[in-house]
Amino acid sequence: MNNSITKSPERLRSYRWLGPDTLRAFGHRSRLKQFGYEQADWTGKPVIGIINTWSEINPCHGHLRERAEDVKRGIWQAGGFPIELPAMSLAEPFVKPSTMLYRNLLAMECEELLRSHPIDAAVLMGGCDKTTPGLIMGAISMGLPAIYVPAGPMLRGNWHGQTLGSGSDVWKFWDEKRAGNIGQREWSEIEGGIARSFGTCMVMGTAATMMAIVEALGLTLPGASSIPAPDANHTRMCAASGRRIVDMVWEDLIPKKILSPAAFDNAIRVHMALGGSTNAIIHVIAMARRAGIPLDMARFDEISRQVPVIANISPSGKYLMEDFFYAGGLRALMTAMGGALELSCLTVTGGTLGENIEGAAVFLPDVIHSLDRPIYPEGATAVLTGNLAPRGCVMKPAAADKRLLKHRGRAIAFENYDHMALEVERDDLQVTPDHVLVLKNAGPKGGPGMPEWGMLPIPKKLVKSGVRDMVRISDGRMSGTSYGACILHVAPESFVGGPLAFVETGDEIEIDVAARRIRLHVSDEELNRRHAAWTPPPLRYARGYGAMYSQHIGQADEGCDFDFLQGTAPVAEPEIH
Ligand code: FES
């Protein structure tokens, strides 16, 4: 047991369920004995809830059932009592229409699982895109000590000796297939080679970005986020997290003590240095606001101008997460960031971020560059504003064709995804590489769930002539594994009458990334006329979770949290009668 105990066993939250000599507590104890446990298994011990997002349809978490046993081993070793609580898995490849529709549901589930059970602290097991923010948002709001166990990235993909990256190479080879450069046999071989082990996508997509961000916030053990899923280091990290959470209960080390404006600045700086996913902006804002920190998109843009991309990882660079681990992982990257981080921030270790990265070094300098030899001179994400996106929109300049960062072109407007999907396949579409493709109704309410449609396919006619990038604008998101001159998260979204709803084919649109501007060259009078003639579309859901979602979901610039989940107002502990 840790020396810095601040809590006696009778003050454990779980004691209310398991300690008293009452009829109800008799029921709780007798039902634990039904599992074969003895009173000595739990008496005087913190009960640790392991929130596990393992499922048989989530290959990113395929190893988490076994790894939960390693976490339990650590908890027993440190004098705790583990209880595994399954939570929804949000498998990015399978959940439709979009996992983003359910991130807040997972956050609610995590918070309420912890609240309603005799739990003193939580080990959170996730990694596939929305599971990280969902679990962290729930844990922040619940306010018990919590440690994150990232699932870790899968191994590199392989096809004919060629390295393949999740998502990024799918888009690339899909275009080659559409252009007739590869056939069905090659396509099928790639299908079998691109995902070779359990674990999350192994490019710097949303999963890798969010796992790293949570480590930078101080909510994982040092180095945890970079360990590949099949590596034995991952197993040991799970057991060590189990051991550590028990001490965190005695120390009363709750997320509020760890999460500060400086910790969120660290997370954003790391996001920029990694060339991380645009999706992270939404999630980090949502997590910060749960912690009572009023973060907005402007802070991302400020930091983006200060921190260059130094991780040479796809889709902004050329390596994969496995290489990043061999290069020293996130601890090495944070060391390479020099003075850019606030190293005095507290972490789940009970020590500071500075102590956690002490002794770390970069072993492969082409994978993790130095600040004076960056991959891209500015940060990963630019936030643009203007009359087309009054509350902002984002893009990832490092992953775009540089000629498109200052661009003026005529719009081709699509009313929805189906409209777009049909049009881009037409050989007679009137389109040039200078056109700007605009997709409406892909936002939080319109998608619904803000699907990852933002990397609109290049029209087939242009793909065949070798075009691989053009400006695309939507109120949707883009997979972190995607790339290109895609302008995303336009707020407010078209479905609720944001200006994107009024773009017509032939309008001129101008973007200037250096100036952070986006402009629809249509007069205010004409936009007002179009607005007056616009009829709001009917709500997507008449009942069920979708109806609740539609009623309460916030816009992208607010983090897409439900209005009733935001803030830090206390929720009463459950009564036990
Ligand atoms: Fe799960 Fe990419 S599909 S992390």
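All ligand and atom numbering here is 1-based and tracks the order in the structure. As the structure is a computational prediction, the values presented were derived from the model and not from experiment.
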Carefully, step by step, assess Glu186 and Lys177 under the rule salt bridge (Lys or Arg N to Asp or Glu O under 4.0 Å).
-> CA-CA 9 Å; Glu186 289 84 357; Lys177 185 169 180 286; over 6 Å; no
The atoms of ligand 1 lying under 4.0 Å from a heavy atom of Cys201, numbered in the order shown, are 2 (Fe), 3 (S), 4 (S)
For Pro93, the ligand 1 atoms with a heavy-atom partner under 4.0 Å come out as 3 (S)
Would Glu176 and Arg468 count as a salt bridge (Lys or Arg N to Asp or Glu O under 4.0 Å) if you check the C-alpha gap in whole Å, the side-chain angles of each, and the deciding distance to 0.1 Å?
-> CA-CA 10 Å; Glu176 297 308 323; Arg468 292 293 182 268; 3.4 Å; yes
Looking at Ser482, Pro315, Cys486, which one forms a side-chain contact (heavy atoms from CB on, under 4.5 Å) with Lys396?
-> Pro315
Output, in order, the C-alpha distance, side-chain angles, deciding distance and verdict of salt bridge (Lys or Arg N to Asp or Glu O under 4.0 Å) for Arg391 and Glu558.
-> CA-CA 10 Å; Arg391 283 163 55 181; Glu558 303 163 321; 3.3 Å; yes
At atom 1 (Fe) of ligand 1, what angle lies between atom SG of Cys60 and atom SG of Cys128, rounded to 10 degrees?
-> 110°
Atoms in ligand 1 flagged as close to Thr200, the criterion being non-hydrogen separation under 4.0 Å = 4 (S)
Considering only heavy atoms, which of Met154, Lys130, Glu92 lies nearest to atom 3 (S) of ligand 1?
-> Glu92
If you draw a 6.0 Å radius around CZ in Arg115, do more than 12 non-hydrogen atoms from other residues or ligands fall strictly inside?
-> yes
Check ligand 1 against Asp129 and write out every atom of the ligand that is under 4.0 Å from a heavy-atom position of the residue.
-> 2 (Fe), 4 (S)
Would you mind running through ligand 1 and noting each atom that sits below 4.0 Å from a heavy atom of Ala207?
-> 4 (S)
Parallel, tilted or perpendicular: ring planes of Trp453 versus Tyr417, cut at 30 and 60 degrees = tilted
